[in-house]
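Worksheet: the structure to be examined is printed underneath.
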Amino acid sequence: MSEIHAEATTCPSCGAQRGILKPGWSAERWRGAAQVMFIGAGIAVLIGIALGYSAATSSWQVNWGVGFFMFMLLSPFMLFFGIAGLVMHRFIPRMQESWFR
């Protein structure tokens, strides 16, 4: 029941931490985690494109369908990283901060 500065992240009396969904996780920290997820999605896209192109142009003469299949093998990772990054960037930082002990 003590007064706490508006920008404080830790209560000086009880040691509770302010955060969104987790103690110590501010909106800026969630946005940083979202950037990591977006980078992961981008890497999955690039690896998928490289695998698809490699399969489609290899010396054992497969068709573009196999190359597309190789690209699509990574689509669950692209979707996971992309959707998780979007949620972390857009929705979680808009939630109200709480105090956690």
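This is a predicted model, so every value here is computed, not measured.
- The shortest side-chain heavy-atom distance between R18 and S98 does not fall under the 4.5 Å cut-off.
- Taken together through direct or relayed side-chain contacts under 4.5 Å among Ile, Leu, Val, Met, Phe, Trp and Tyr, I20 and F100 form parts of separate hydrophobic clusters.
- Of all the heavy atoms in P93 and V87, the pair that sits closest is CD-O, 4.4 Å.
- Heavy atoms only, all atoms of each residue included: W99 and A8 are closest at CH2-O, 4.0 Å.
- Hydrophobic clustering (side-chain heavy atoms under 4.5 Å, transitive across Ile, Leu, Val, Met, Phe, Trp, Tyr) groups I43 together with F80.
- Distance check, rounded to the nearest 0.5 Å: NZ of K22 to CD1 of I92 gives 10.0 Å.
- In this structure, W25 contributes its side chain and W30 its backbone to no donor-acceptor pair below 3.5 Å.
- Nearest heavy atoms, R29 versus G24: NH1-O, 3.5 Å.
- By the 4.5 Å side-chain criterion applied to Ile, Leu, Val, Met, Phe, Trp and Tyr, L86 is assigned to no cluster and stands alone.
- Closest heavy-atom contact between S26 and E97: CA-OE2, 4.0 Å.
- Under the 4.5 Å side-chain heavy-atom criterion for Ile, Leu, Val, Met, Phe, Trp and Tyr, I39 and F77 are members of the same hydrophobic cluster.
- Residues M95 and L21 are in side-chain contact: their nearest non-hydrogen atoms beyond the backbone lie under 4.5 Å apart.
- For F38 against G82, the heavy-atom pair with the smallest separation is CE2-O, 3.8 Å.
- The two residues F81 and M37 have their closest heavy-atom pair at CB-O, 3.4 Å.
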